[in-house]
Number of protein chains: 2
Amino acid sequence: MPETMKRGEKAGNSAGKKAAPRKGDIPPTKERILDAAERLFVRYGYKGVSMRLLTRESKVNLGAVHYHFGGMESVLRALFEKHIVPLNQERHELLDKCLAEEADTYTSVRNLIEAYIRPSLRYPASSKPPKSLFARLQAQLSVDPSPEVRRVIDRGYDEIGTRFARMLRAHCPHLADHEFFWRLNCLYGTMFYTQADTGRTQKIAELMGVEFDQTDRADDITLIAGFLASGFLAPAVDTSTSPAATAKSQSGKSSSGKSSSGNAKGK
Amino acid sequence: MPETMKRGEKAGNSAGKKAAPRKGDIPPTKERILDAAERLFVRYGYKGVSMRLLTRESKVNLGAVHYHFGGMESVLRALFEKHIVPLNQERHELLDKCLAEEADTYTSVRNLIEAYIRPSLRYPASSKPPKSLFARLQAQLSVDPSPEVRRVIDRGYDEIGTRFARMLRAHCPHLADHEFFWRLNCLYGTMFYTQADTGRTQKIAELMGVEFDQTDRADDITLIAGFLASGFLAPAVDTSTSPAATAKSQSGKSSSGKSSSGNAKGK
DNA sequence: AATTGTTTCAAACGTTTGTTGTAATTTTTG
DNA sequence: CAAAAATTACAACAAACGTTTGAAACAATT
């Protein structure tokens, strides 16, 4: 099933002459769809939103979605890229800053992690006027198994994710590859789950009779980054591989460490 | 709006005389539905599975689902509880063991965390014969926003989650409530994301030219638990609240300087 | 003013969905 | 073995679904 673009192609702003202006200056139609999609995706899940519900909520005609996009999947992709591009740009800038300044190892790692997770975590979805519903949507998509969603995720995160991982790897020479990537996996989970903002932790806190306010993230991101930094800098648990070795824990061919370099080598 | 049980009620095995035996000894019908549901939910997501797809896959009649359950939501609930009950029982037993044995703080915390996360993480969904598809399903549900799913999650995790949080809290007197629960939130994220088994981390490793095998979890759980334990035992980042205080960090003044801690310094 | 290209609208198409009623079948009970 | 209960099979329904079409409404250019 190769993706058919059908007539959505012509709205793909490929070589369009000029953008579509509106009569008044109040409602641009195409973005009305994306705004409604963002709200509905977060509320009902990507698969839980039908085109009819979407057009009803965004107050556009049923055919408009097919005209401007071409299908539900394209709506998702457009919405995702609309947010992920500036988000990743901010990540890059923050990572650049980390390259500039010098500090002790812990602070460096913490700042590095903070640079990566802050853009997505800055505005919690549970705030009173939900500032970034997209963060929650992203968290849902991050565990979605369907290939179309995975492709969207991959395309949005491969580049920035690799750069971040490389920079972080340089600060973790005490870890074998296997353990480093497991810890990186933990970092991803922490970030996405925090974005998801499910309220589970808050529920647990309530059951324990403790008040726990998650709505103000400004300083809390530092706490999370600190937690993760301590985890990364902790001594290796895995003792079956020498710290400098690149092989995984399973016994095997790697009789001698092939590279003692602290950071990951390119292919 | 109120959940209607309709005729599914009579199959609710409330005070059933005896289970329904089958002619031969090969296929029990009711479980065939649950088995297929498990496979399909994981593959297409909960919302992505229609009754007709479910009945087609499980090779039962279309009406059978309504007869034995009463709707899709009840299928999900039945499937969830079928797995979560023995899983949580194992968690309880492992936590009991932690109460018995004595060790240094780090080892205690790591064992505690390991006891909580191991049951769900033991069998990765990406193994060759997928041992526990349920783990992946659980991860998807953990970020699902719909109220019906949240109710299922809450009911399955409130009790064990509270017990675990209490036990872990006792080992973290150096943390204020606010910071403790943030770190607990990180733990949840790590657990669920690892369960989700999205392959993202593996993808990043590939892009960096490193082989990363996630399929053998037997020892790797200890690595994850070690990571998390180090995070929990790390000194508090938030210095605006005294370690023993229960107030959250909201108080405005930072006059005393949040940089007092030796390793944690603000930007 | 006429023309052109883009956007919006209303209506309809054919499918698929969840659900239900009823008959056929099997299993258990008396 | 017959009656009763439980389960399965089949057909049908209204509602909702994605998609398509053609005409009307619009902005800008000629």
Side-chain angles (χ1 to χ4, degrees), chain A residues 1 3-34 36-37 40 44-76 148, chain B residues 1 3-34 36-37 40 44-76 148:
Chain A
M1 285 271 189
E3 300 181 29
T4 60
M5 270 300 181
K6 285 167 184 174
R7 60 157 81 193
E9 191 81 42
K10 67 168 126 175
N13 78 342
S14 55
K17 312 297 188 62
K18 53 202 69 177
R22 279 292 287 171
K23 49 166 80 173
D25 51 345
I26 315 118
T29 305
K30 190 171 177 179
E31 305 198 5
R32 206 130 40 93
I33 297 176
L34 288 178
L40 294 175
Y44 303 108
Y46 166 55
K47 290 259 180 65
V49 179
S50 65
M51 312 210 68
R52 295 184 125 92
L53 175 62
L54 175 59
T55 54
R56 205 180 312 140
E57 177 80 6
S58 58
K59 248 102 97 180
V60 302
N61 192 266
L62 185 54
V65 176
H66 284 92
Y67 177 77
H68 285 287
F69 299 92
M72 204 86 248
E73 182 181 339
S74 297
V75 174
L76 175 68
E148 76 235 34
Chain B
M1 239 204 290
E3 298 181 30
T4 59
M5 273 298 181
K6 286 166 184 173
R7 58 157 84 193
E9 190 81 42
K10 66 170 130 175
N13 78 339
S14 54
K17 315 300 186 61
K18 54 200 69 176
R22 284 291 288 170
K23 48 169 80 174
D25 50 345
I26 315 117
T29 304
K30 192 171 176 180
E31 305 198 6
R32 207 131 39 95
I33 298 177
L34 288 178
L40 295 175
Y44 303 108
Y46 166 56
K47 290 261 180 64
V49 178
S50 65
M51 311 210 67
R52 294 181 126 94
L53 174 61
L54 176 59
T55 54
R56 204 180 312 139
E57 178 79 7
S58 58
K59 246 103 96 181
V60 303
N61 194 264
L62 182 55
V65 176
H66 284 92
Y67 178 79
H68 284 286
F69 299 91
M72 204 86 246
E73 183 181 339
S74 296
V75 174
L76 176 68
E148 76 235 33

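Residue numbering restarts at 1 for every chain, and letters A, B, ... go by the order of the sequence lines. Values below: every heavy atom of this structure, side chains too, minus hydrogens, waters and symmetry copies.
Set against dC10(D), dT7(C), dC9(C), the side chain of N61(B) has dC10(D) as its closest nucleotide. Among the nucleotides dT8(D), dG18(D), dT8(C), the one closest to any side-chain atom of T29(A) is dT8(C). Of all nucleotides listed (dA12(C), dT19(C), dT8(D)), dT19(C) comes nearest to the side chain of H66(B). Of all nucleotides listed (dG18(C), dA10(C), dT19(D)), dG18(C) comes nearest to the side chain of M51(B). Which of dG18(C), dA12(C), dT7(D) sits closest to the side chain of S50(B) comes down to dG18(C).
In this structure, M72(B) atom CE and dT16(C) atom C1' are separated by 15 Å, rounded to whole Å. In this entry the distance linking OH of Y67(A) with C1' of dG22(D) reads 15 Å, nearest Å. Between the NZ atom of K47(A) and the P atom of dT17(C) there is a distance of 13 Å, given to the nearest Å. For the pair R56(B) CZ and dG18(C) P, the computed distance is 10 Å after rounding to whole Å. Between the CG atom of L54(A) and the P atom of dG18(D) there is a distance of 9 Å, rounded to whole Å. Between the OH atom of Y44(B) and the C1' atom of dT16(C) there is a distance of 16 Å, given to the nearest Å.
Summary of the strand contacts: G63(B) and V49(A) both lie near DNA chain D, and taking for each the nucleotide with the nearest heavy atom, the more 5' one is attributed to G63(B). Each of V60(A) and R52(A) was matched to the nucleotide of DNA chain C holding its nearest heavy atom; the match closer to the 5' end belongs to V60(A). Residue order along DNA chain C, read from the 5' end via each residue's closest nucleotide, puts K59(A) first among K59(A) and L62(B).
M72(A) places a side-chain heavy atom less than 4.5 Å from the side chain of Y46(A).
Annotation for V65(B) and L54(B): closest pair CG2-CD2, 4.2 Å, computed over non-hydrogen atoms. Here the shortest heavy-atom pairing between K47(A) and G48(B) reads CD-CA, 4.3 Å.
E148(B) CD: more than 12 foreign heavy atoms inside a 6.0 Å radius.
Taking 4.0 angstrom as the limit, H68(A) places a side-chain polar atom (N or O) nearer than this to OP1 or OP2 of dT8(C).
The cationic group of K30(A) lies under 6.0 Å from the six-membered ring centre of F69(A) and within 45° of the ring axis, placing it in a cation-pi geometry.
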